[in-house]
Protein chains: 2
Amino acid sequence: MAKGKLTDRQRRILDYIQDFSTDNGYPPSIRQIGASVGISSTSVVNYNLNRLVEEGFLDRDKNVSRGIRLTDKLLRATGNLGNVIRVPMVGRIFASEPVHLPSTDSPMFGADEAIEITRDMLSSTDEVFALEVKGDSMIDAMVSDGDIVVMKRDYHWRNGDMVAVWLRDLEETTLKYIYHEGDTIRLQPANPTMDPIIIEDPKHLEVQGKVMLVVRQLA
Amino acid sequence: MAKGKLTDRQRRILDYIQDFSTDNGYPPSIRQIGASVGISSTSVVNYNLNRLVEEGFLDRDKNVSRGIRLTDKLLRATGNLGNVIRVPMVGRIFASEPVHLPSTDSPMFGADEAIEITRDMLSSTDEVFALEVKGDSMIDAMVSDGDIVVMKRDYHWRNGDMVAVWLRDLEETTLKYIYHEGDTIRLQPANPTMDPIIIEDPKHLEVQGKVMLVVRQLA
DNA sequence: CTTGACATAGAACGTATGTTCCGCTAGAAT
DNA sequence: ATTCTAGCGGAACATACGTTCTATGTCAAG
């Protein structure tokens with residue numbers, strides 16, 4: 001019952017509700033919906049609205065005029081709500097220590113500090129958190145003191161990703177582009193004038209997260 | 001008539017409308033407002049609503065249930081609207097040419113391309129535009145190929161601002177921290193390992209804008 | 001063919017809701 | 001004191017709106 005397909009009419013209804021709401025600041029009435037979609041009968045509109053509720057696109061309140069509300073799910077899909085997401089600021093990052101990862105269980109949203117980012121800046125919004133860069137130790141990654149790096153807790157990576165790695169031997173954290181090359185791993189600085197690090201034994205490094213975004217606020 | 005002061009009741013009404021709307025996705029009815037604010041008579045609520053319209057805090061639609069809408073003015077004041085601003089992407093920036101500034105008269109919002117930024121990332125939202133960095137010529141500013149710089153068209157600057165300058169002699173654009181030092185101007189690269197440029201004659205440089213934000217999308 | 005689920009249409013109904021009118025009070029203006 | 005206005009309360013009214021019921025047509029399953 002949950003995953004039925006939407007009819008064309010129902011899609012038009014959703015569109016209309018959304019347009020009307022953003023235009024007027026309140027949702028349309030059943031009769032207005034009918035008029036716009038070309039349904040003469042209020043009961044048919046009512047019927048379709050209830051179907052949309054079952055499908056999870058709408059919420060309705062009984063006996064309330066215009067008691068209709070687009071679901072978060074839908075608003076997110078159309079980008080009209082969750083266009084802004086709050087990314088928790090969970091700490092700092094510097095060369096001399098591994099990245100302090102937020103504990104998995106603790107709700108990341110409990111963090112009192114957070115930065116707001118528009119959704120289209122991030123290709124993924126799961127498991128993301130922000131760190132403030134302290135010191136100039138990341139300049140070879142073209143990241144300076146005070147920058148904010150948004151990371152995703154993700155130990156899988158693909159060639160060309162920029163990752164935060166903890167180098168066990170050197171005992172330092174660094175941000176590098178990472179590449180698999182045969183049996184070795186190449187860590188490439190973002191600064192093209194600098195030389196890569198070649199890691200013979202993957203055991204010597206620990207990928208702590210993928211860098212999704214770097215933000216530098218100047219003025 | 002425009003600038004009357006709001007009574008306490010009217011303020012509570014505005015608060016309630018806002019809270020109710022965000023909670024329910026649609027505005028409250030007149031009777032709901034009355035109940036929450038402690039007004040037994042619908043006509044009194046109606047009266048106050050009309051006063052709020054006169055003051056410019058509300059819009060109303062006649063004979064429409066819940067036909068009430070908070071003004072942009074109010075939404076902006078409470079920070080519930082414009083949290084996201086669209087910054088027009090007006091071009092690219094590279095060393096070999098001056099910054100291509102958007103023409104002052106043309107509405108910057110006509111730009112079809114734009115990036116969305118949360119308001120709290122920018123200290124100012126006037127006259128801001130975005131440029132994409134092409135090439136590696138800005139690495140001494142810790143800015144890499146593909147980065148997006150958000151600038152403000154502003155020829156006034158203060159010590160420590162990062163600005164885009166066109167160096168007439170060298171015929172190149174560069175991003176530097178700028179400082180007034182007596183009669184000369186010092187342009188300091190963001191990369192602390194690099195040396196500053198000292199400009200003896202201010203005529204030799206042209207400040208084209210202030211860098212407000214640098215964004216780098218990785219994944 | 002029959003059945004049943006689904007979608008639609010029209011009409012009637014009940015009520016939630018905005019509108020309007022009349023009356024009252026307190027305070028400022030005349 | 002009188003007048004005028006802003007603000008409030010109550011009640012009646014008109015209607016915008018959601019709900020419900022009956023009827024019709026379609027189409028795939030039996």
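Residue numbering restarts at 1 for every chain, and letters A, B, ... go by the order of the sequence lines. Only heavy atoms go into these numbers, but all of them, side chains included; no hydrogens, no water, no symmetry mates.
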Q: May I have the distance from A/Glu54 (atom CD) to C/dA7 (atom P), rounded to whole angstrom?
A: 10 Å
Q: Using atom CZ of B/Arg66 as one end and atom P of D/dC17 as the other, report the distance to the nearest whole Å.
A: 11 Å
Q. Of all the choices, C/dG18, D/dG18, C/dA9, which nucleotide is nearest to the side chain of A/Val44 once you look at every atom?
A. C/dA9
Q) Do B/Val165 and B/Thr173 pass the side-chain contact (heavy atoms from CB on, under 4.5 Å) test, and can you show the C-alpha distance, the side-chain angles, and the key distance before you say yes or no? A) CA-CA 6 Å; B/Val165 292; B/Thr173 297; over 6 Å; no
Q.
With a 3.5 Å cut-off and heavy atoms only, can you find an N or O donor on one side and an acceptor on the other between the side chain of B/Arg31 and the base of C/dG18?
A. yes
Q: Report yes if some heavy atom in the side chain of A/Ile148 is under 4.5 Å from a heavy atom in the side chain of A/Val214; otherwise report no.
A: no
Q) Which whole-number value in Å describes the distance from A/Ile13 CD1 to C/dT8 C1'? A) 12 Å
(Q) At less than 4.0 Å, is any side-chain N or O atom of A/Arg60 found next to OP1 or OP2 of D/dT19? Yes or no. (A) yes
Q.
Using whole Å, what does the distance between atom C1' of nucleotide C/dT15 and atom CG of A/Asp61 come to?
A. 16 Å
Q: To the nearest Å, give me how far apart OH (A/Tyr47) and C1' (C/dG10) are.
A: 17 Å
**Q.** Short side-chain N/O contact to D/dC8 OP1/OP2 from B/Asn48, under 4.0 Å
**A.** yes
Q. Taking only N and O in the side chain of B/Ser40, is any of them less than 4.0 Å away from OP1 or OP2 of D/dG10?
A. yes
Q.
Both B/Asn63 and B/Gly38 contact DNA chain D. Taking the nearest nucleotide for each, which residue is further toward the 5' end?
A. B/Gly38
Q.
Testing the 3.5 Å rule here: is there a donor-acceptor pair between the side chains of A/Arg60 and A/Asn46?
A. yes
I'd like a table of atom pairs between the protein and nucleotides 20-27 of chain C - only N or O on both sides, under 3.5 Å - with the distance next to each one.
none

(Q) When you compare the side chains of B/Arg153 and B/Gln208, does any donor N or O come within less than 3.5 Å of an acceptor on the partner? (A) no
Q | Rounded distance in Å - CD1 (A/Ile39) to P (D/dG18) | A | 14 Å
Q) What orientation do A/His180 and A/Trp157 show, parallel under 30°, tilted 30 to 60°, or perpendicular over 60°? A) parallel
Q) Expressed in angstrom and rounded to an integer, what is the separation of A/Arg12 atom CZ from C/dT8 atom P? A) 11 Å
Q | Cation-pi, A/Tyr179 ring and A/Arg186 (6.0 angstrom, 45 degrees) | A | yes
Q: When you get a sec, tell me which of C/dA16, C/dG18, C/dT8 is the closest nucleotide to the side chain of B/Ser29?
A: C/dG18
(Q) Without decimals, in angstroms, what is the distance between B/Tyr26 OH and D/dC17 P? (A) 15 Å
Q: Return the nearest nucleotide to the side chain of A/Arg9; candidates are C/dT19, C/dA9, D/dC17.
A: C/dA9
Q: May I ask you to check whether over 12 heavy atoms, not counting those of A/Asn159, lie within 6.0 Å of atom CG?
A: yes
